[in-house]
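Ligands are counted one by one from 1 in listed order, and the atoms in each one are counted from 1 as well. What you are looking at is a predicted structure, and each value in this text was computed from that prediction instead of being measured.
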Amino acid sequence: MQSRSELPLPDDSALAHSRRVVDLVRARLAASGGWISFADYMDLVLYAPGLGYYSAGAQKFGAAGDFVTAPGLGSIFARCLARVAGDTLEQMGGGVVLEVGGGTGALAADLLQALRTRPPQRYLLLELSADLRERQRARLAAQVPELLDRVQWLDRLPDRPLTGVLIANEVLDALPVERFTMQAGKPRQLGVGLSGEELAWSAADASAALEAEVRTIEQDLGARLPDGYSSEVSLRQPAWFGALAATLGRGLALFIDYGYSRREYYHPQRTGGTLGCHYRHHWHADPFFLPGLQDITAWVDFSAAARAATAAGLDVAAYTTQAHFLLATGILQEMEAVTEASPARTQAMAAELRQLLMPGEMGERFRLLALTRDFVPAGELTMRDMRPGL
Ligand SMILES: C[S@@+](CC[C@H](N)C(=O)[O-])C[C@H]1O[C@@H](n2cnc3c(N)ncnc32)[C@H](O)[C@@H]1O
């Protein structure tokens, strides 16, 4: 992780934008007695309309942005998901694909291109950001114009349950989390206040929900968390999975993200938690650096996610590493198909595969959680079943 002084500074207009975001946080602090929870802070700086990191026009994705996600590396990741989605829809006799948080539109475009001989009835994109919607529309119009009329943008989940495949790549890590630190055997809630003129961490008594969740974690671990131990919990996951579960009438939901099962997440040696920020390809731990200009994220507790999903009536069909998911769903065959058709791409494909599969890259720290309702996939989703560790 890097310190503030090592990070590059933005231009004047970006700095002015960040100051407007800080003013918004200050106004919220003033209206809330000088303290807001960290999840509320994340909500503001990431999603406030027109101002938040994901809602405003910053570049975000790719080499000129802050981070790269799997769909930005090339088309192979999308082609594997297309295989799973296509087979699932065929097995169910048709249905739709719903992608949550579509980023640049690369996944949607590459997936639809791979499915052009057996496209879904509709491709729904749940996208909160007006800026990203426009980028997605442009990408799809350029790459799969013949399928554009099947694409529909949503700003909230559909009212009626759907049959099909739901995909959320790197969305769970963007859900606002609460942060806590243990003190005298009890969790203290780390929220946000002012230190002089600056936004800063501010500790308060933990909310009842946060305290209960920390006690559940301790029960699961069979040990108390020691004083000084700090980490995060996602108190919003149960409601979020509840809403998603109501949307999935029948079919398969795929969540891919960096994360751990609970025992790894709250490992005694991980004393500082997993919260981090992406800013121009630097990874650092200061969520108060240039609010609105950087991504803030926490790793996913997949045990909690699976628990929330099963409480909402879904079944856990698979939990595994990204590498074992992609190998089971045909990444090597897809690579062969691409390099046979265009041998000049062999080197680039090898690099893409390395990033997606190697343990030191995305292969091991990214996980797949596959959930189903009223559906049993005919094909394998993994070569390594990690569900017992959840
Ligand atoms: C790290 S980006 C990943 C984007 C894309 N899936 C990819 O792989 O490149 C996180 C995305 O999740 C979206 N997101 C976060 N919370 C969301 C929510 N509650 N509903 C829908 N999208 C959400 C953000 O707007 C953003 O597009």
Ring centroid separation Tyr41 to Phe288 under 6.0 Å: yes
Per-atom contacts, ligand 1 versus Val100 - under 4.0 Å to a heavy atom: 21 (C), 22 (N)
Between Asp385 and Tyr319: side-chain donor-acceptor atoms closer than 3.5 Å: no
Aromatic ring proximity Phe77/Phe366, centre distance under 6.0 Å: no
Check: Glu170 N/O within less than 3.5 Å of ligand 1 N/O: no
Pro71 touching ligand 1 at heavy-atom level, < 4.0 angstrom: yes
Part of Asn169 within contact of ligand 1 (heavy atoms, under 4.0 Å): both
Best match, Tyr47, Tyr53, Tyr54: closest heavy atom to atom 1 (C) of ligand 1: Tyr54
Numbering as shown, the atoms of ligand 1 that approach Gly103 to under 4.0 Å (heavy-atom distance): 4 (C), 5 (C)
Between Phe67 and Trp283, ring centroids under 6.0 Å: no
Sub-6.0 Å ring centroid separation between Trp299 and Tyr265: no
Val233 side chain near Ile217 side chain, heavy-atom distance below 4.5 Å: yes
contact_flag Glu127 ligand 1 heavy-atom lt 4.0 Å: yes
